[in-house]
Each structure stands twice: as structure tokens, then as C-alpha cells.
Amino acid sequence: MEDDTRTPAEKAHPGPATESSAPVASSPTTTSAAGTNSSGPLPLRHGHELPFVAAPSSYLRPKPISRTMSDNRASGPLDKEQMQGLRGVREFLKVRTSYDVLPLSFRLVVLDNNLLIKKSLNILIQNGIVSAPLWDSQNSAFAGLLTSTDFINVIQYYCQFPDEIAHIDQFRLSSLRDIERAIGVLPLETVSVHPMRPLYEACRRMLKTRARRIPLVDRDDETGREMVVSVITQYRILKFIAVNNEQYTMLLKKPVRELGLGTYKDLATATMGSSVLDVIHLMVKYNISAVPIIDKDNRVLNLFEAVDVIPCIKGGAYDELSATVGEALSRRAEEFGGIYTCNEDDRLDAIFDTIRKSRVHRLIVVDDDNRLKGIISLSDILKYVLLYGEEDDDIRGN
Ligand code: AMP
């Protein structure tokens with residue numbers, strides 16, 4: 001499933017292509033494909049005169065009232081409010097089902113397991129989607145989810161067995177499990193959830209398995225056959241929370257720094273001159289879905305995401321993986337949603353505001369000079385919202 005509920009404004013912020021062609025910073029409403037505003041650059045906020053396109057910090061620090069910790073007095077009531085907000089969201093997730101997250105109308109592209117991997121790649125690109133459920137038509141059963149991780153596995157296979165490249169075009173989706181075995185990665189758990197089960201359960205399952213999306217699978221009462229209803233993502237769940245729980249998310253006034261939200265140590269980064277293949281190896285090594293692209297002064301220029309791998313190998317061009325990140329990012333689709341940043345003093349309620357308004361998949365934490373400090377993934381936010389302060393605040397249980 002890949003429904004697109006973005007507003008035109010959300011679609012209008014392509015990321016900077018290369019270091020040399022870095023566009024001016026602008027407001028998120030009127031950026032052209034080249035990253036410049038048609039009526040001239042918009043005024044820049046002090047301290048944010050950065051070679052950046054999407055300027056989400058302006059969302060994150062709503063004006064004129066700056067919501068930083070300095071506004072808050074005693075920490076006791078703040079803690080209480082924060083917990084009240086978290087409890088409200090958790091209760092909401094327990095009374096809503098995964099089915100509730102689905103939009104009124106959507107399409108679902110399901111791929112037959114027998115399809116050639118090469119063809120599946122073209123179908124994803126043609127449909128503008130980055131994943132699809134797989135169907136085993138022999139056994140009439142759900143057969144897992146095709147995601148960019150599968151293509152990364154194919155690339156690793158090609159690196160480990162370069163002689164096999166001649167056969168790579170003949171691989172079918174059903175051979176993905178063999179590829180996993182050959183390169184020695186653990187097969188991803190084929191998790192799914194019933195659409196009518198509480199949404200809380202889908203969230204717990206996603207955190208437990210580190211899945212960024214989860215298929216909703218129902219069973220026909222008469223035939224006993226499985227039916228894939230749709231797929232929900234962490235992004236869609238957080239958007240659903242943000243849109244329906246403003247009364248609770250507005251209570252989450254603690255800043256990112258105090259919550260320790262995200263990752264700040266041992267960050268995987270690359271430069272515009274790194275090869276795409278090097279970045280893919282980093283993603284595999286760290287088990288992450290995005291690598292910030294920085295300059296020599298640790299300033300954030302862009303972000304290479306796992307989904308950026310898909311266009312790189314379009315048409316089976318695996319040898320193009322030696323291209324640089326700068327080259328690969330300059331081929332990014334114009335509707336690329338941009339990069340979202342925040343700083344450590346931004347509060348969680350403001351992050352939820354941004355999620356409510358925009359298509360955010362992660363936030364890069366920067367200082368006032370746009371130097372990289374950390375990264376906040378949607379999984380970090382989901383984990384905090386679900387588990388913070390819970391007795392069983394690990395992700396073992398369901
Ligand atoms: P993700 O793959 O985006 O779901 O992130 C999984 C975990 O890895 C989260 O806790 C992130 O904060 C962390 N993470 C994401 N990107 C990076 C990175 N480039 N370097 C180090 N950790 C990261």
C-alpha cells in the first residue's frame with residue numbers, strides 16, 4: 001500500500017543535490033525543484049543561514065512563542081504532564097485498531113513471489129512505492145514484505161559473489177531467502193498483525209522486531225485463506241497519533257536533550273564523495289535506514305536513505321553503485337520530501353506538530369551551525385511514547 005496524503009506544500013522540497021549545488025534555505029511552502037524560491041530567497045532565520053532546503057526548524061520552534069525548556073518552571077509538574085500525555089496516547093493506541101489507521105481510499109500493490117527481482121524493482125519505481133507485500137500463489141499465502149533491505153541484500157550478494165552477477169537478473173522474489181542465507185544475514189521475521197487487533201499491539205510488534213512497517217493480514221472465515229489488507233508504517237502510525245491526540249501531545253513539553261531521544265554516539269556518517277556502496281555497507285553494519293552526509297566540518301549536507309538505493313540499481317545497474325553519494329542524490333526524484341532537522345532544545349510536542357503537518361521519516365539533530373549532533377528515528381519516538389516509564393519498558397514482550 002502506498003497512499004499519498006501529502007499536501008502540495010509537503011511535496012515541494014527536494015533536498016540539496018550536491019555540495020557544490022547547495023540551494024538556499026527557504027520556508028517549506030514555496031521551494032522550486034532547484035531549491036530556490038521563485039520570488040527570490042526567503043528571509044533566513046538568524047543562525048540558520050544554511051545550505052539546506054526544508055527548514056523544519058521553523059516548524060519545530062513555532063513563532064512567536066518559543067517553546068524551549070526556559071519556559072518551564074518546576075520540573076515536577078512538567079514530569080507529571082509528560083506522563084499524562086504519554087498515558088493519553090497509550091490509551092488511544094489501545095482502543096484504536098490498525099484498521100483505523102488506513103485512509104478511506106488506498107491502493108495496495110501485492111507482488112507474486114514468482115516475479116523476477118528485476119521486474120519487482122521496476123514495478124516499485126513505476127508505482128512510486130518503496131515496499132510491497134509478497135504473495136505465494138502456489139499456497140495462497142502471504143509471503144512477507146519486499147523492502148529496500150531486500151535490495152540491499154541482493155547488492156551484498158553481488159559484492160560477495162561477483163561471478164554470480166550474470167545470474168542476478170534471473171533471481172525471483174522467492175530466492176530472496178536463499179540470498180539471505182548465502183550472505184549470512186538472519187532472515188527478517190515475517191511479522192504481520194490482524195487489522196482489527198489494537199494498534200498498540202502492532203506498535204509493540206514493530207518495536208520488538210525493529211520492523212519499520214507491518215502488513216495487516218486477515219483470514220477468510222470460510223476458506224481459511226489469508227488476505228493482505230494493507231501495510232502500516234511507523235510514519236503513518238505517528239501521523240495518526242499526532243493528528244488525533246493534540247490534547248495529549250501538547251503535554252509532551254520535555255526537550256529532546258532531556259529525554260535523550262535518538263542516537264548521539266557512534267553515528268554512521270558519510271561524505272558526498274563516499275561511494276554508494278560504502279554507504280550501503282554502513283547501513284548494513286549499523287542496521288540503520290539512513291546515513292547523514294556531512295562535510296569536513298561535520299555540517300549536515302544531506303541524508304542518504306535506504307530507499308535511495310532503489311533508483312541506483314534501476315534496470316539492474318549494479319555496477320553503478322561505485323558512483324558517489326553526490327551523484328546518486330542528484331538523481332533523486334523531484335518530489336523528495338526534504339530533510340527535517342531539530343536541535344536538542346526542541347521539545348517533543350513541537351516534533352509532533354511537525355509530524356502532524358509534514359511527511360517526516362526522521363529528524364537530524366543539529367546545532368546552530370548545522371553541525372551534526374544526532375539522529376532521531378521514528379522508531380526512537382515510537383519507543384519512547386510506548387515504553388517510557390512502563391514497568392516492562394523493554395521490547396521483549398508483546
Ligand atoms: P532506523 O534505522 O532509522 O529505524 O534507526 C534505528 C536506530 O538506529 C535508532 O535508534 C536510531 O536513532 C539509530 N540510527 C539511525 N541512523 C543512525 C546513524 N546514521 N548512525 C547511528 N545510529 C543511527
Side-chain angles (χ1 to χ4, degrees), residues 15 56 130-131 145 147-153 156 185-186 188-189 191 202-214 231-239 255-272 274-295 298-310 325 328-329 337-344 346 348 351 354-355 359-366 370-388 393-396:
V130 293
S131 81
L145 202 59
T147 69
S148 46
T149 304
D150 293 304
F151 296 108
I152 287 176
N153 287 344
Q156 283 185 277
V185 299
L186 285 175
L188 286 178
E189 227 180 298
V191 278
C203 296
R204 291 294 296 237
R205 208 163 278 187
M206 285 168 101
L207 290 177
K208 188 180 169 208
T209 57
R210 298 197 64 179
R212 295 172 191 101
R213 53 190 79 229
I214 190 162
V231 178
I232 53 170
T233 59
Q234 290 178 347
Y235 160 73
R236 197 153 284 289
I237 293 171
L238 283 166
K239 182 88 145 190
V256 159
R257 188 195 303 277
E258 197 181 326
L259 299 178
L261 196 64
T263 302
Y264 296 83
K265 287 200 180 110
D266 195 22
L267 292 170
T269 61
T271 65
M272 284 292 185
S274 310
S275 75
V276 171
L277 208 50
D278 285 343
V279 179
I280 290 174
H281 288 320
L282 273 181
M283 288 198 273
V284 172
K285 181 175 163 209
Y286 283 74
N287 193 9
I288 49 173
S289 59
V291 174
I293 307 302
I294 54 170
D295 69 7
N298 202 31
R299 288 202 173 86
V300 179
L301 298 172
N302 213 318
L303 182 75
F304 192 92
E305 299 171 286
V307 292
D308 289 317
V309 170
I310 294 177
V325 165
L329 293 181
I339 297 159
Y340 287 84
T341 61
C342 67
N343 79 31
E344 289 178 279
D346 283 315
L348 188 52
I351 291 182
T354 307
I355 294 173
R359 201 175 176 86
V360 183
H361 288 284
R362 58 189 60 72
L363 292 127
I364 309 284
V365 187
V366 292
N370 204 32
R371 289 202 170 86
L372 178 68
K373 303 289 287 184
I375 187 160
I376 303 176
S377 291
L378 298 187
S379 56
D380 296 322
I381 302 175
L382 202 58
K383 191 169 169 184
Y384 173 77
V385 168
L386 252 78
L387 305 179
Y388 176 77
D393 72 346
D394 63 30
I395 50 173
R396 284 189 294 269

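This chain uses plain numbering: 1 for the first residue, then up along the sequence. In this text the structure is predicted, and so the values were computed from the model without any measurement. As the structure lists them, so they are numbered: ligands from 1, and atoms in each ligand from 1.
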Item to check | Intermediate values then yes/no, side chain to side chain contact (heavy atoms under 4.5 Å, CB included), Leu382 and Ser379 | outcome: CA-CA 5 Å; Leu382 202 58; Ser379 56; 5.5 Å; no

Checklist entry - Sub-3.5 Å donor-acceptor pair from the side chain of Asn298 to the main-chain atoms of Leu372, do we have one? => result yes

Checklist entry - Heavy atoms under 4.0 Å from ligand 1: which residues qualify? => result Arg210, Arg212, Thr263, Asp266, Leu267, Ala268, Ile288, Ser289, Ala290, Pro292, Ile375, Ser377, Ser379, Asp380

Checklist entry - Can you name the residues that form a salt bridge (Lys or Arg N to Asp or Glu O under 4.0 Å) with Arg362, not counting sequence neighbours? => result Glu305

Next on the checklist: Please determine whether side chain to side chain contact (heavy atoms under 4.5 Å, CB included) holds for the pair Thr341 and Val300, giving the CA-CA distance in whole Å, both sets of side-chain angles, and the decisive distance to 0.1 Å.
Outcome noted: CA-CA 10 Å; Thr341 61; Val300 179; 5.7 Å; no

Item to check | Leu386 side chain reached by Arg204 side chain, heavy atoms, under 4.5 Å | outcome: yes

Next on the checklist: Pair Arg213, Ser131 - check side-chain hydrogen bond (donor to acceptor under 3.5 Å, both in side chains), show working.
Outcome noted: CA-CA 9 Å; Arg213 53 190 79 229; Ser131 81; 3.1 Å; yes

